[in-house]
Amino acid sequence: MLRNEIEKKKRKLEKILQKAGKILIAYSGGVDSTFLLKVAVDCLGKDNVAAFIEKSEFDAPSEINFAKKFATSLGVKVFCLKLNKLTDKQLSNNPPDRCFYCKKELFSQMADIARKYDYNAIADGSNVDDKFDYRPGNKAKLLFQVISPLQMANLTKADIRMLSKEMGLPTWNKPQMACLASRIPYGEKITEERLKRILKAEELLGKLGFHIVRVRDYGDLCRIEVSDDDFEKIIQFRREITKQLKEFGYIYITVDLEGYHTGSMNRTLPSKK
């Protein structure tokens, strides 16, 4: 029964994409947008699908490289645009609605390209689970009439992972990603130095074998989040981790006893509506 329901959702997704026709997709290289891009190519053909990849200080270079490589492998047109987000004080000052300004810039650039190359629709990879999270960027979607086909088809993250695995997509079990700015508490200024330090810290933990990891940056202090399965491992490597992270500039290194959880910085907000 469950299997039939998921297949119905996929067929609904295909109909949504077919109705869109020629489509420009915001592509990050993550689980959701990779699935969306592949299904769009299967439905519409590579000439009617394009991937828009943004490159900024907020993004890990490895993620950008993967996105470009995968999109190119599908034969679609790739637009890769560098955005200097730290020059925008509405972003670098890191207000709670930071994502609105970030997405507004992204979708504005995509809208320009869509008009220039005659794409009928602009799409992102939001899934139905995202409706229950704090997403100020959704307001920017309304400004530029951006559609979310996965959400419209009622596909959950679990659905997408299952279908991605069946399709042989390399992202089916990829950890959930978020921009590096999401590691810094709201109201604290985002700087290139902090973003680079976060990136180096997370890359170090990745090399040590941690599959899911976040390094939340509080200035002199960092709070490490890992999956429950990795708690013993982080104790095992604590001396090496402490030594390296102190060299990166942290004075105090802590581990969150609740483990990894998405949107942990949103807990300080009075409301998520």
Side-chain angles (χ1 to χ4, degrees), residues 24-37 50-74 76 78-95 97-110 112-113 122-127 130 133 135-138 140-141 146 170-171 174-186 188-207 210-217 222 225 248 260 262-265:
L24 177 63
I25 296 173
Y27 183 51
S28 67
V31 179
D32 301 323
S33 60
T34 295
F35 174 73
L36 176 61
L37 187 66
F52 184 97
I53 301 170
E54 66 169 340
K55 181 180 179 182
S56 78
E57 309 93 332
F58 288 15
D59 306 298
S62 59
E63 292 299 305
I64 301 300
N65 292 336
F66 172 84
K68 288 193 290 188
K69 184 176 179 180
F70 184 81
T72 300
S73 75
L74 294 181
V76 301
V78 177
F79 298 94
C80 188
L81 188 67
K82 181 173 176 56
L83 302 177
N84 297 312
K85 294 184 178 180
L86 292 179
T87 60
D88 185 346
K89 288 187 178 180
Q90 291 176 311
L91 290 176
S92 62
N93 287 339
N94 198 19
D97 61 347
R98 177 197 69 241
C99 287
F100 167 75
Y101 301 106
C102 187
K103 294 297 185 182
K104 182 180 177 183
E105 174 65 15
L106 167 65
F107 296 141
S108 174
Q109 296 291 344
M110 291 183 71
D112 289 342
I113 288 175
I122 300 170
D124 79 343
S126 299
N127 65 59
D130 296 327
D133 196 7
R135 300 271 175 167
N138 285 339
K141 291 198 295 188
V146 176
T171 50
K174 187 175 183 178
Q176 188 164 319
M177 298 300 296
C179 80
L180 296 173
S182 67
R183 314 316 195 248
I184 300 172
Y186 295 122
E188 292 192 15
K189 193 170 184 64
I190 302 170
T191 65
E192 186 173 2
E193 179 184 12
R194 292 181 82 169
L195 293 173
K196 286 183 176 179
R197 180 169 64 175
I198 292 165
L199 179 61
K200 286 196 296 183
E202 292 190 357
E203 286 180 340
L204 167 69
L205 290 162
K207 289 176 181 176
F210 293 93
H211 188 55
I212 300 175
V213 64
R214 293 288 188 272
V215 176
R216 310 294 185 181
D217 186 298
C222 71
E225 297 177 11
F248 295 162
Y260 166 72
T262 61
S264 67
M265 291 304 195

List the residues meeting ring pair (Phe, Tyr, Trp, His ring centres under 6.0 Å) with Tyr101, not counting sequence neighbours, and say none if there are none. none
Can you measure from [atom1] ([X]) to [atom2] ([Y]) and round to the nearest 0.5 angstrom?
X      : Y      : atom1 : atom2 : result
Asp97  : Tyr186 : CG    : OH    : 9.0 Å
Ile184 : Thr191 : CD1   : OG1   : 6.0 Å
Leu86  : Leu195 : CG    : CG    : 6.0 Å
Glu193 : Phe248 : CD    : CZ    : 13.0 Å
Asp112 : Phe52  : CG    : CZ    : 9.0 Å
Tyr27  : Leu37  : OH    : CG    : 6.0 Å

Kindly write out the residues that satisfy side chain to side chain donor-acceptor pair (under 3.5 Å) with [X], not counting sequence neighbours, or none if the list is empty.
X      : value
Glu188 : Arg194
Lys104 : none
Ser56  : Asp59

Shortest non-hydrogen separation from [X] to [Y] and the atoms involved:
X      : Y      : value
Val78  : Ala71  : CG2-CB, 3.7 Å
Lys103 : Gly137 : CG-CA, 3.8 Å
Leu24  : Met110 : CD2-O, 3.4 Å
Leu36  : Ala123 : CD2-CB, 4.5 Å
Val76  : Ala50  : CB-CA, 4.4 Å
Glu57  : Leu83  : OE1-O, 3.6 Å

Side chain to side chain contact (heavy atoms under 4.5 Å, CB included) assessment of Ile53 paired with Phe79: CA-CA 6 Å; Ile53 301 170; Phe79 298 94; over 6 Å; no
So, the side chain of [X] versus the backbone of [Y]: is there a donor-acceptor pair under 3.5 Å, distance only?
X      : Y      : answer
Ser33  : Ser28  : yes
Asp88  : Gln90  : yes
Arg135 : Cys99  : no
Ser182 : Cys179 : yes
Ser108 : Glu105 : no
Asp130 : Ser126 : no
Asn94  : Pro185 : yes

So which pairs with a foot in residues 60-69 pass salt bridge (charged side-chain N to carboxylate O under 4.0 Å, His left out), sequence neighbours left out? Glu63-Lys174
Identify all side-chain donor-acceptor contacts of residues 199-207 below 3.5 Å with residues at least two apart in sequence or on another chain.
| from | atom 1 | to | atom 2 | distance (Å) |
| --- | --- | --- | --- | --- |
| Glu202 | OE1 | Arg183 | NH2 | 3.0 |
| Glu202 | OE2 | Arg183 | NE | 2.7 |
| Glu202 | OE2 | Arg183 | NH2 | 3.4 |
| Glu202 | OE2 | Val215 | N | 2.9 |

Which is it for Glu54 and Leu81 under the side chain to side chain contact (heavy atoms under 4.5 Å, CB included) test, yes or no, and what are the steps along the way? CA-CA 5 Å; Glu54 66 169 340; Leu81 188 67; 5.7 Å; no
Derivation and outcome, side chain to side chain contact (heavy atoms under 4.5 Å, CB included), residues Val213 and Glu225: CA-CA 6 Å; Val213 64; Glu225 297 177 11; over 6 Å; no
Atom NZ of Lys85: over 12 foreign heavy atoms under 6.0 Å: yes
Quick check: are there more than 12 heavy atoms from other residues, nucleotides or ligands sitting under 6.0 Å from NZ of Lys196? no
For a side chain to side chain contact (heavy atoms under 4.5 Å, CB included) check, start with the C-alpha distance between Phe70 and Thr171, then their side-chain angles and the critical distance, and finish with the verdict. CA-CA 10 Å; Phe70 184 81; Thr171 50; over 6 Å; no
Close side-chain approach of Tyr260 and Gln176, heavy atoms under 4.5 Å: yes
